[in-house]
S.K.: 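My structure is below; once you've seen it, I'll send some questions.
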Amino acid sequence: GIGSLRAQHRVGVSLSPAMTWQLDSLPTTRSLPGIGGAIGMVYQYQYQSLLLQTGMEVGLANMRQGVDSMLIGTDTLCRNRVDAMRMMEFSIPIMLGVQTHNFYMLGGVKAVFSPNVSTTQRATIAIRNADDRYYENYNQAFLDDHDIISHGQMTINPDLRACVEVGARWSVGRYHRSRQTSPILQLGVYAEYGLLNAAPKSYTSSNNDGNASVKIHVDHSYVPLIGADNSLRVNHLHAGIRLTVLFDISPNDCNCEWY
């Protein structure tokens, strides 16, 4: 096994690529998969098979929503619309777990703060055909697609995520003299689900001149509901792989034996 007859203190770094989803309460949106990732500093305390792990992470997450087609005015159709958020995230996890042989499991919570959130709204618009022909498919009445793109900045509420991680860990070789160990690799799959309502608190439209062939600005789909009580609920889901490299920093104050 990995460990000694005493408690161990370890520090290290982690890398966590992930897929992301943004789950909301709106009937006009559907969550599309996005990507994210984080790098972190890790502190781990182990006593026998028990683990306590904390630290700090910084990362980026991209959340994407497909939005239903809609009319702008009476003769312009907005379709193929995707609203995206790109978030910078700072987080502090507190995880408890166990190790048995080379397998481990961690569970806990993570406080997440997003000081910078930018949005991008992409879609195509089409103008209604001017003649009186009947179209069996309503969308065929609209011609001349143009791409539109607009940007904005948001502030969102802090989040608290429930976290679980399961995987394997092993020592990368080992010195056979007492008190000296090689780094430990910890590789697992993880999932995180936001427990709080991470709905936006404010939105500012960016200067979007020159970003599209047609000068039509589209705000993010959440903007009309900012400030409305209980009308919008947003939860974030992350799932991915985490690689952690840990180095033993335990004080050499006992005569330890490896087992």
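The residues of the chain are indexed from 1 along the displayed sequence.
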S.K.: Please find the pair of heavy atoms, one from P93 and one from G55, that lie closest to each other, and give the distance.
M.R.: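 Distance-wise, the nearest heavy atoms are CD-O, 3.6 Å.
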S.K.: Does T155 have any side chain to side chain donor-acceptor pair (under 3.5 Å) partners at least two apart in sequence or in another chain, and if so, which?
M.R.: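 Only S202 meet the side chain to side chain donor-acceptor pair (under 3.5 Å) criterion with T155.
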S.K.: Is there a chain of hydrophobic side chains (I, L, V, M, F, W, Y, each step under 4.5 Å between heavy atoms) that links I92 to M88?
M.R.: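 Each belongs to a different hydrophobic cluster.
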S.K.: Would you kindly say whether Q153 and T204 are connected by a side-chain donor-acceptor distance under 3.5 Å?
M.R.: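 No, because no side-chain N or O of Q153 sits under 3.5 Å from a partner of the opposite role on T204.
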S.K.: Pick out which of Q44, R10, Q99 makes a side-chain hydrogen bond (donor to acceptor under 3.5 Å, both in side chains) with Q186.
M.R.: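 The single option meeting the side-chain hydrogen bond (donor to acceptor under 3.5 Å, both in side chains) with Q186 is Q44.
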S.K.: Using distance alone, with no hydrogens and no angle criterion, decide if S250 and H9 have a side-chain donor and acceptor under 3.5 Å apart.
M.R.: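 Short answer, no.
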S.K.: With sequence neighbours excluded, tell me which residues meet side chain to side chain contact (heavy atoms under 4.5 Å, CB included) with A18.
M.R.: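 For A18 the side chain to side chain contact (heavy atoms under 4.5 Å, CB included) partners, ignoring immediate neighbours, are Y190.
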S.K.: Do V245 and W170 sit in one hydrophobic cluster, given that two such residues count as connected whenever their side-chain heavy atoms are within less than 4.5 Å of each other, even indirectly?
M.R.: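 Shared cluster, yes.
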S.K.: Apply side-chain contact (heavy atoms from CB on, under 4.5 Å) to the pair V98 and L50, showing each step before the final yes or no.
M.R.: CA-CA 5 Å; V98 295; L50 300 179; 4.0 Å; yes
S.K.: Any side-chain heavy atom of Y47 sitting closer than 4.5 Å to one from L52?
M.R.: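 Counting from C-beta outward, Y47 and L52 never come under 4.5 Å.
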S.K.: Would one find more than 12 heavy atoms of other residues, nucleotides or ligands at under 6.0 Å from atom CG of L96?
M.R.: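 For L96, atom CG is crowded (more than 12 foreign heavy atoms under 6.0 Å).
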S.K.: So do the side chains of V13 and M41 get within less than 4.5 Å of each other, counting heavy atoms only?
M.R.: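 Side-chain contact under 4.5 Å: yes.
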S.K.: Can you tell me how far apart CG (L77) and CE (M70) are? Round to the nearest 0.5 Å.
M.R.: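 Reported value, rounded in 0.5 Å steps: 9.5 Å.
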S.K.: What are the two closest non-hydrogen atoms of N197 and L232, and how far apart are they?
M.R.: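 Answer, listing the atom of N197 first, then L232: ND2-O, 3.1 Å.
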S.K.: Nearest 0.5 Å, please: how far is CZ in R86 from CG in N116?
M.R.: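 Going from CG on N116 over to CZ on R86, the span is 8.0 Å.
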S.K.: Can you name the ring pair (Phe, Tyr, Trp, His ring centres under 6.0 Å) partners of Y203, sequence neighbours left out?
M.R.: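 Once residues adjacent in sequence are excluded, Y203 has no partner under the ring pair (Phe, Tyr, Trp, His ring centres under 6.0 Å) criterion.
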S.K.: Do S31 side-chain atoms and W21 backbone N/O form a donor-acceptor pair below 3.5 Å?
M.R.: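 No; judged by distance alone, with no hydrogens or angles, the pair does not exist.
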S.K.: Quick one, F113 and S91 - any side-chain contact, counting heavy atoms below 4.5 Å?
M.R.: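 No, too far: nothing below the 4.5 Å cut-off.
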S.K.: Got a second to check how far I148's CD1 is from I125's CD1, nearest 0.5 Å?
M.R.: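 I148 CD1 to I125 CD1: 5.5 Å, rounded to 0.5 Å.
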S.K.: Does Y45 have more than 12 heavy atoms from other residues, nucleotides or ligands lying within 6.0 Å of its OH?
M.R.: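 Enclosed: over 12 neighbouring heavy atoms sit under 6.0 Å from OH of Y45.
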S.K.: Do other residues, nucleotides or ligands put more than 12 heavy atoms under 6.0 Å from L60 CG?
M.R.: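 Atom CG in L60 is crowded, with more than 12 foreign heavy atoms closer than 6.0 Å.
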S.K.: Kindly say whether V172 contributes a backbone atom to a donor-acceptor pair with the side chain of S182 at under 3.5 angstrom?
M.R.: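 It does hold such a pair.
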S.K.: Just wondering, do L246 and R169 contact through their side chains at under 4.5 Å, heavy atoms?
M.R.: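 Yes, at least one pair of side-chain atoms sits under 4.5 Å.
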S.K.: Could you pull out the closest heavy-atom pair between L195 and R233, with the gap in Å?
M.R.: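 Heavy atoms of L195 and R233 come nearest at O-NH2, 3.2 Å.
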S.K.: If you count every heavy atom of other residues, nucleotides or ligands that lies below 6.0 Å from M19 atom CE, does the total exceed 12?
M.R.: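 Enclosed.
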S.K.: Do the non-hydrogen side-chain atoms of S221 and R81 ever get within less than 4.5 Å of each other?
M.R.: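 With C-beta onward as the side chain, the pair touches.
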S.K.: What distance separates N102 CG from I184 CD1, expressed to the nearest 0.5 Å?
M.R.: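 CD1 of I184 is found 10.0 Å from CG of N102.
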S.K.: Grouping I, L, V, M, F, W and Y whenever their side-chain heavy atoms are under 4.5 Å apart, do V164 and V189 come out in a common cluster?
M.R.: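 V164 does not cluster with V189.
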S.K.: Name all residues meeting the salt bridge (charged side-chain N to carboxylate O under 4.0 Å, His left out) criterion together with R30; count only those two or more places apart in sequence or in a different chain, and write none if there are none.
M.R.: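 Here the qualifying residues are D68.
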S.K.: Please check if V234 and L225 belong to a single hydrophobic cluster, counting links between Ile, Leu, Val, Met, Phe, Trp and Tyr side chain heavy atoms closer than 4.5 Å.
M.R.: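 In one cluster with V234: L225, yes.
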S.K.: Checking the side chain of R64 only, and the main-chain atoms of P33 only, is there a donor and an acceptor separated by less than 3.5 Å?
M.R.: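 Yes, the answer is positive, given that a donor and an acceptor are paired below the 3.5 Å cut-off.
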S.K.: Does any non-hydrogen side-chain atom of V42 lie less than 4.5 Å from one of Q53?
M.R.: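 A side-chain contact under 4.5 Å exists here.
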S.K.: For the atom pair CE (M85) and CD (Q121), what is the distance rounded to the nearest 0.5 Å?
M.R.: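 It comes to 9.0 Å.
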S.K.: Excluding sequence neighbours, so at least two apart, what forms ring pair (Phe, Tyr, Trp, His ring centres under 6.0 Å) with Y193?
M.R.: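 Y193 satisfies ring pair (Phe, Tyr, Trp, His ring centres under 6.0 Å) with no other residue.
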S.K.: Only pairs at least two apart or in different chains count here, so list each side-chain hydrogen bond (donor to acceptor under 3.5 Å, both in side chains) that has a residue in residues 157-168.
M.R.: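 side-chain hydrogen bond (donor to acceptor under 3.5 Å, both in side chains) check on residues 157-168 returns E89-R161, Y104-E165, R161-E192, R161-H238, E165-R242.
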S.K.: Is a side-chain donor or acceptor of T244 paired with a backbone partner of S14 at a separation under 3.5 angstrom?
M.R.: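 Flag not set: sc T244 to bb S14 has no pair under 3.5 Å.
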S.K.: Is there a side-chain contact between T119 and D83 (heavy atoms, below 4.5 Å)?
M.R.: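 Side-chain contact under 4.5 Å: no.
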S.K.: Do D219 and S205 have side chains that get closer than 4.5 Å, going by heavy atoms?
M.R.: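 In short, these two side chains touch, coming nearer than 4.5 Å.
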S.K.: CD1/I156 to CG/L196 distance, rounded to the nearest 0.5 angstrom?
M.R.: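 If we round to the nearest 0.5 Å, I156:CD1 and L196:CG are 11.0 Å apart.
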S.K.: Under a 4.5 Å side-chain heavy-atom rule over Ile, Leu, Val, Met, Phe, Trp and Tyr, are F90 and I39 clustered together?
M.R.: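 F90 and I39: one cluster.
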